[in-house]
Amino acid sequence: MIQSPLSPAGPQAAAIASLSTVFFTICAVVYVLTIGALLWAIFRRRQATDDAPQTTRRLGVVVAAAGVVTALTLVALTVSDAAAQRRVNGPPSPDAMLIEAIGHQWWWDFTYQGSPLELVSSPNELHIPVGVPITIKATSRDVIHSFWVPNLTGKRDLIPGMTTHLSLQADEPGTYRGQCAEFCGHQHAHMAFLVVAEPMEQFQQWIQRQRSGAPQPSNDEQKRGHDVFMTGPCVMCHTIRATSAGARFGPDLTHVASRRTIAAGTLTTSREHLADWIRDSQAVKPGNRMPPNVVRPENLDALLTYLETLQ
Ligand code: CUA
């Protein structure tokens, strides 16, 4: 799906797209009429009657009429803008599903309500059921970010220390790209995310799987990778539920291998990309909060094998 506000896939984005059509059409007509009048004035020959008092009076009427038409046009644009605002930012539907979005430098955390032990955190991948109104409760942990999924809704700034709400809904299943839309530092451009809209049944299966903790390592290599994680620096920033790793500074890795991308849409998820990232994430996304060389080279393979089990 092309990331564009002109291919709306939900009611909020449709309101914005039709508003832009209204503005574009009216402004195009105004432009053509204005340029036409200007050209007519430039190329028209002077005539003997131009200085006659009747002509001056007639021109006065024409200018007044143009003024009234201009004012009415501006009122029409204002009213259509207010109507679109209402559709985009109106009060959220009472049966909307609530999902929390937290902006970090430079990744997104999406959490779904549940008991603390089953708290689903889906970094950089927002899953929603199709046709269900969604309320996003949004805030930021550090600087101002902006949540923007052009195909689904308008932009909304995430302000540290403040909570805002926005509504969105996907009418068609699909994957929609979202992007931080407020300059937030070095890796602002690499602060993307995906919205995966799927039929309710599939969404339920997804969330059911996400609610479960990480599987236990089942062979020696996986066990060794698990120990590398739990005894190294990884555990100081990341959570893997159902293990002793519970830090919340970096993204939750309980189901990292089930996500399509790592590093906020920077790389597709694969063993090679995970290896590149762990070896030297600063070469991939300079300035990100993960230090380089967190794992000894001889331990990397085991760690990757363990991470791949986190489906
Ligand atoms: Cu976050 Cu730009």
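Remember, it's 1-based here, ligands and their atoms both numbered in the order they're listed. From a predicted model like this one, the values you see are computed outputs, not experimental measurements.
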Can R289 and Q105 be said to form a side chain to side chain donor-acceptor pair (under 3.5 Å), step by step? CA-CA 8 Å; R289 300 293 187 250; Q105 281 176 317; 2.6 Å; yes
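Both V284 and V256 sit in one connected hydrophobic cluster of ILVMFWY residues. Membership requires side-chain heavy atoms under 4.5 Å apart, directly or through other members.
Just one of V75, T21, L19, I26 meets the side-chain contact (heavy atoms from CB on, under 4.5 Å) condition when paired with S80; it is L19.
Residues W148 and F193 place their aromatic rings such that the two centres sit no closer than 6.0 Å.
At atom 2 (Cu) of ligand 1, the vertex angle linking SG of C180 with SG of C184 is 120° (nearest 10 degrees).
Contact annotation: H188 places an N, O or S atom under 2.8 Å from atom 2 (Cu) of ligand 1. In summary, M191 places an N/O/S atom under 2.8 Å from atom 1 (Cu) of ligand 1, meeting the contact criterion.
Here the N, O or S atom of H145 that is nearest to atom 1 (Cu) of ligand 1 is ND1. The minimum distance between atom 2 (Cu) of ligand 1 and any N, O or S atom of E182 involves atom O.
Note on ring orientation: taking the six-membered ring where Trp is involved, the planes of F147 and W108 are perpendicular (angle over 60°, cut-offs 30° and 60°).
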